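Throughout, a chain's letter reflects where its sequence line sits, starting with A, and its residues are numbered from 1. Because the structure is a prediction, the values reported are computed rather than measured.
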There are 2 protein chains.
Amino acid sequence: MTGNKSPESAAIRLSLYLRHLRKMKKERVISSEELARFIGTSGARVRKDLCYFGQFGTTGKGYLVRELQEEISKILGLNRVWDIALVGVGKLGSALLGYDGFRKSGFNIRIGFDVKSNIIGKKIVGVPVYHPYQIPKMIRERKIRMGIVAVPAKAAQESIDLFVISGVEAILNFSPIAVVAPSYVKLMQADLTNQLEIMSYSIINKAKKETQTRIS
Amino acid sequence: MTGNKSPESAAIRLSLYLRHLRKMKKERVISSEELARFIGTSGARVRKDLCYFGQFGTTGKGYLVRELQEEISKILGLNRVWDIALVGVGKLGSALLGYDGFRKSGFNIRIGFDVKSNIIGKKIVGVPVYHPYQIPKMIRERKIRMGIVAVPAKAAQESIDLFVISGVEAILNFSPIAVVAPSYVKLMQADLTNQLEIMSYSIINKAKKETQTRIS
């Protein structure tokens with residue numbers, strides 16, 4: 001089983017393709033090679049990713065940006081609005097509530113939970129905040145399927161457990177701690193350091209290249 | 001040029017390998033196949049990624065977790081502490097200042113910049129905040145090479161320009177807007193929606209599978 005061909009690896013790449021398509025003129029045509037270059041893969045890989053979910057474009061003629069964008073959105077389930085529940089309305093949680101990028105992409109944090117009595121019953125960035133003991137009731141009533149966890153590390157697992165028993169199907173955990181969920185729940189670890197590590201690598205590598213240039 | 005073999009794609013995977021190695025017992029041995037499974041790639045790809053930077057382990061015997069972790073850290077430039085400058089000390093910025101995951105991985109936000117007069121001259125989560133006009137002076141004095149931008153969209157490009165003229169070599173932009181930097185600066189777009197898109201895909205796909213099961 002090579003994961004490069006797994007549906008999820010393809011989904012990750014589709015999400016990256018989409019990011020670039022969104023910035024482009026809608027009525028132009030793009031080749032698989034051009035799209036590949038944006039995310040550092042091969043044209044063959046792009047064509048395979050798209051074939052996996054059906055056939056788009058005409059062989060040798062490329063894809064119309066608008067159509068490809070619509071198709072990929074559909075594959076990823078982005079042709080709809082997702083309601084999201086957030087547990088932990090502290091600094092990070094409030095920042096996520098105000099994050100425009102979510103709403104732009106169809107992700108709508110509709111409800112917040114926090115143990116801090118001074119914000120329970122209030123609205124933060126327009127979103128009502130409840131005590132976590134109401135998680136199962138509120139989430140079932142509103143049929144919310146996605147959750148975000150932005151609580152301190154020691155409360156992360158408990159928050160995830162509450163989401164799981166409430167029927168949440170996919171959870172994004174921002175607490176920098178290892179957590180678990182049953183296999184039927186998609187649990188993702190938000191990764192803010194990953195990109196800093198790439199930046200570190202990039203600076204280090206550039207410095208090395210410059211040294212080599214000076215030597216030769 | 002297939003990007004799968006490019007140094008940066010490898011760096012991204014190395015960062016993911018590291019994430020899993022950190023959770024493991026240090027004195028055990030791990031095979032390339034086992035490491036590959038964590039990130040959904042192949043054992044051959046893992047071996048190639050590691051070969052790219054030199055030879056580790058003994059053929060057929062796997063890698064000692066502790067040694068592999070140290071080697072990958074060194075390749076990524078993580079065997080040191082990186083000082084970081086942050087522009088935008090609002091909700092998201094303050095959340096990043098308090099984010100434990102950064103410090104744990106050797107990323108230290110040392111200085112903040114913001115236009116809000118009520119926080120200039122103060123410390124937020126222990127980090128001093130200055131007016132952005134001081135960016136060039138302060139960053140050069142402290143020889144800071146990494147920057148994070150967490151300002152409102154309309155101020156993002158200006159903040160990046162200030163970092164660039166100050167000699168910052170790598171920038172992570174959290175504003176959900178397209179920005180540019182010269183090619184000698186590594187500019188990365190923080191991507192909080194990417195993981196929600198994978199979650200969306202995962203829910204949609206699970207629903208499809210269940211439907212198929214009911215039909216058959």
In plain terms, say whether [X] and [Y] are close enough for a salt bridge, that is, a side-chain N and a carboxylate O under 4.0 Å apart.
{"X": "Lys26(A)", "Y": "Glu67(A)", "answer": "no"}
{"X": "Glu33(A)", "Y": "Arg45(A)", "answer": "no"}
{"X": "Arg22(A)", "Y": "Glu70(A)", "answer": "no"}
{"X": "Glu71(A)", "Y": "Lys74(A)", "answer": "yes"}

Tell me, for [X] versus chain B, whether the close heavy atoms (under 4.5 Å) come from the side chain, the backbone, both or neither.
{"X": "Val125(A)", "result": "side chain"}
{"X": "Arg103(A)", "result": "neither"}
{"X": "Phe174(A)", "result": "both"}
{"X": "Phe102(A)", "result": "both"}
{"X": "Thr193(A)", "result": "both"}

Chain B contacts, top residue of [options] (heavy-atom pairs, under 4.5 Å):
{"options": "Ile171(A), Val185(A), Ile148(A), Ile177(A)", "answer": "Ile171(A)"}
{"options": "Leu92(A), Leu76(A), Leu187(A)", "answer": "Leu76(A)"}
{"options": "Asp100(A), Ile198(A), Leu18(A)", "answer": "Ile198(A)"}
{"options": "Ala95(A), Ala150(A), Gly93(A)", "answer": "Ala95(A)"}

## Note on the structure
Answer key: most heavy-atom pairs under 4.5 Å with chain A among Ala44(B), Ser175(B), Ser73(B), Gly101(B) is Gly101(B)
### Task
Indicate yes or no for a side-chain donor-acceptor contact from Trp82(A) to the backbone of Arg145(A) under 3.5 Å, with no hydrogens or angles considered.
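Checking the backbone N and O of Arg145(A) against the side chain of Trp82(A), no donor-acceptor pair under 3.5 Å is found.
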### Query
Between CG of Leu196(A) and OG of Ser202(A), what distance do you get to the nearest 0.5 Å?
12.0 Å
### Query
Between Ser15(A) and Asn194(B), does any side-chain donor sit less than 3.5 Å from a side-chain acceptor?
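Checked: Ser15(A)/Asn194(B) side chains pair up, N/O donor to acceptor below 3.5 Å.
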#### Entry: Interchain contact, Leu96(B) with chain A, by part (heavy-atom threshold 4.5 Å)
side chain
### Task
Name the region of Ile84(B), side chain, backbone, both or neither, that has any atom closer than 4.5 Å to a heavy atom of chain A.
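For Ile84(B), side-chain heavy atoms alone lie under 4.5 Å from chain A.
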### Query
Near Arg19(B) CZ, under 6.0 Å, is it more than 12 heavy atoms from other residues, nucleotides or ligands?
yes
